[in-house]
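FYI, side chains are in, hydrogens and waters are out, and symmetry mates aren't considered; it's all heavy atoms of this structure. So that the names make sense, note that chain A is the first sequence line, chain B the second, and so on, each numbered from 1.
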Amino acid sequence: MVSLRRSTSPEKQVRITPTVDELLQLVARGDNRAFEQLYDEVANSVFGMVRRVLRDPAQSEEVTQEVLIEVWRTSTRFDPTRGNASSWILTMAHRRAIDRVRSAQASQDRDQRVAQRDHTAAYDVVAEQVEHRLEQEQVRRCMQTLTDLQSESVRLAYYGGYTYREVAELLDVPLGTIKTRLRDGLIRLRDCLGVQA
Amino acid sequence: MTNHALTGRNFSDGDLHTLTGAYAADALPADELAAFDAHLENCATCAQEVRELVATAARLATGAAEPVPSHLRAQVLDQIQTTRQLAPVAQLVDLRDAIVAQDRRRWFSQPFAVAASVLAALVMALAASAYEADQRADRAEHIAALVSDPEALTLTGSGPGDAVAKVVVADGEAVFAVKNLPPVEDNQDYQLWVIGEKGPGSARSAGILDRGTGAQHVISDVDVGETIGVTLERRGGSPTPTGTPLVLMHVSA
């Protein structure tokens with residue numbers, strides 16, 4: 001005879017945590033505690049993405065710090081009708097990282113940037129060997145739904161910091177083709193991840 | 001899920017819409033940003049797609065998450081102690097403190113019941129003497145229904161001296177109430193404006209405020225993203241705002 005027992009293990013309890021949107025709203029009113037929680041929610045994504053773009057750990061820390069302080073400073077100007085809080089923060093972070101890459105590269109010649117591109121490919125292989133958490137796994141899996149050409153263009157643009165014109169030059173492909181690859185690639189990623197906005 | 005790239009979408013102009021992906025990946029050169037931003041103002045489909053693709057690009061970031069060095073946390077928390085936040089456009093003031101009269105008889109206990117009774121009382125107290133008593137009651141009823149709409153947004157703001165203002169927005173319609181604006185000269189009037197996202201150039205008049213210590217006004221057409229403002233103008237009003245705004249309240253959800 002099997003006796004049925006109701007599970008009362010602590011792991012089954014549901015913990016309700018504030019969303020990034022809710023935290024940002026509180027931060028906009030000067031709530032330090034909410035900012036700490038917001039930091040804990042987003043800092044790893046900011047740092048990880050900035051590191052993929054900048055490579056240099058010291059610079060990545062610098063930019064991560066700058067971004068999070070800017071989030072604090074400008075939280076009062078966040079407009080929720082334009083998108084969610086996470087997008088706002090990560091877009092701000094991405095733009096800062098890209099600005100750094102472009103100002104650093106302004107004086108470099110093309111050969112060095114091609115070498116950096118090869119470095120990009122090597123880094124992706126290493127990244128894939130590291131253990132992934134659920135979100136990373138999901139993004140990695142959805143990137144695989146893109147064609148090789150689409151994912152190459154998305155990676156060069158997003159992580160490489162190249163403008164679409166530079167990507168076209170690097171790959172020796174017409175501008176229209178790169179525009180389409182970037183658009184279709186991100187659309188596929190959107191549909192696979194089920195992103196809504 | 002449909003692959004929108006395969007179905008023909010009808011975009012409003014040129015081939016700027018093909019840049020939505022590049023834009024979302026921050027891969028648009030600086031000299032092309034202004035033109036693309038301008039395009040987004042006129043193409044709702046593109047703007048929606050950009051919103052979605054920007055949110056998608058943000059997932060590339062979360063997908064790249066890595067443990068941030070632990071010493072950074074204390075550094076950041078330390079630095080925000082000495083970092084000022086930008087002032088919000090509308091300062092928060094509780095108008096209810098400034099209102100003495102309250103009439104709770106008609107209202108059920110709903111989340112906005114207090115605001116409703118307060119605002120209705122303000123309307124009743126400040127309606128121009130030309131209104132008949134029953135017209136006043138009808139308007140109060142309409143306003144009360146508006147403010148007790150669970151979807152309504154309530155905003156408060158402040159102005160020069162003790163001036164306090166409150167706006168309740170529901171369904172594209174708004175009730176604006178203000179108290180304690182400084183008295184106007186004979187040759188001046190306070191004018192109410194709805195300012196679009198493009199700035200003061202796009203301001204449209206919502207009317208002249210009643211003269212006296214307080215005023216209320218129904219604004220029949222206002223949207224989220226717009227800003228409600230009050231300026232001091234010549235008597236009878238101006239076609240566009242000429243004075244510095246004394247009260248500014250941004251309608252955001």
Side-chain heavy atoms of [X] within contact of [Y], under 4.5 Å:
{"X": "A:Trp72", "Y": "A:Asn32", "answer": "yes"}
{"X": "A:Arg52", "Y": "A:Arg155", "answer": "yes"}
{"X": "A:Glu152", "Y": "A:Leu149", "answer": "yes"}

Counting only heavy atoms closer than 4.5 Å, note whether [X] contacts chain B via side chain, backbone, both or neither.
{"X": "A:Glu66", "value": "neither"}
{"X": "A:Val27", "value": "both"}
{"X": "A:Leu90", "value": "side chain"}
{"X": "A:Ser75", "value": "side chain"}
{"X": "A:Asn84", "value": "neither"}
{"X": "A:Arg82", "value": "both"}
{"X": "A:Ile98", "value": "side chain"}

Taking every heavy-atom pair that is under 4.5 Å apart, which of [options] has the most such pairs with chain A?
{"options": "B:Ala47, B:Pro69, B:Ala22, B:Gly225", "answer": "B:Pro69"}
{"options": "B:Leu72, B:Leu28, B:Leu60, B:Thr83", "answer": "B:Leu60"}
{"options": "B:Ala30, B:Ala25, B:Ala24", "answer": "B:Ala25"}

- Max heavy-atom pair count under 4.5 Å with chain B, selected residue of A:Ser45, A:Gly83, A:Ala93, A:Ala157: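 Greatest number of close heavy-atom pairs with chain B: A:Ser45.
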- Under 3.5 Å, is there a donor-acceptor pair between the B:Gln48 and B:Glu52 side chains? yes
- Query: Do A:Asp21 and A:Thr19 have a side chain donor and acceptor closer than 3.5 Å?
  - Reply: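 No, no side-chain donor-acceptor pair sits under 3.5 Å.
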- Item | For the student: nearest non-hydrogen atoms of B:Thr62 and A:Gln136, plus distance |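 Smallest heavy-atom distance, with atoms named: O-CG, 4.2 Å.
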- Tell me, for B:Arg51 versus chain A, whether the close heavy atoms (under 4.5 Å) come from the side chain, the backbone, both or neither.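 B:Arg51 touches chain A through backbone and side-chain heavy atoms alike.
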- Over 12 foreign heavy atoms within 6.0 Å of CD, B:Gln81: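 Counting other residues, nucleotides and ligands, CD of B:Gln81 exceeds 12 neighbours.
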- Note on the structure: Sequence neighbours excluded, the answer for ring pair (Phe, Tyr, Trp, His ring centres under 6.0 Å) partners of A:Tyr39 is none
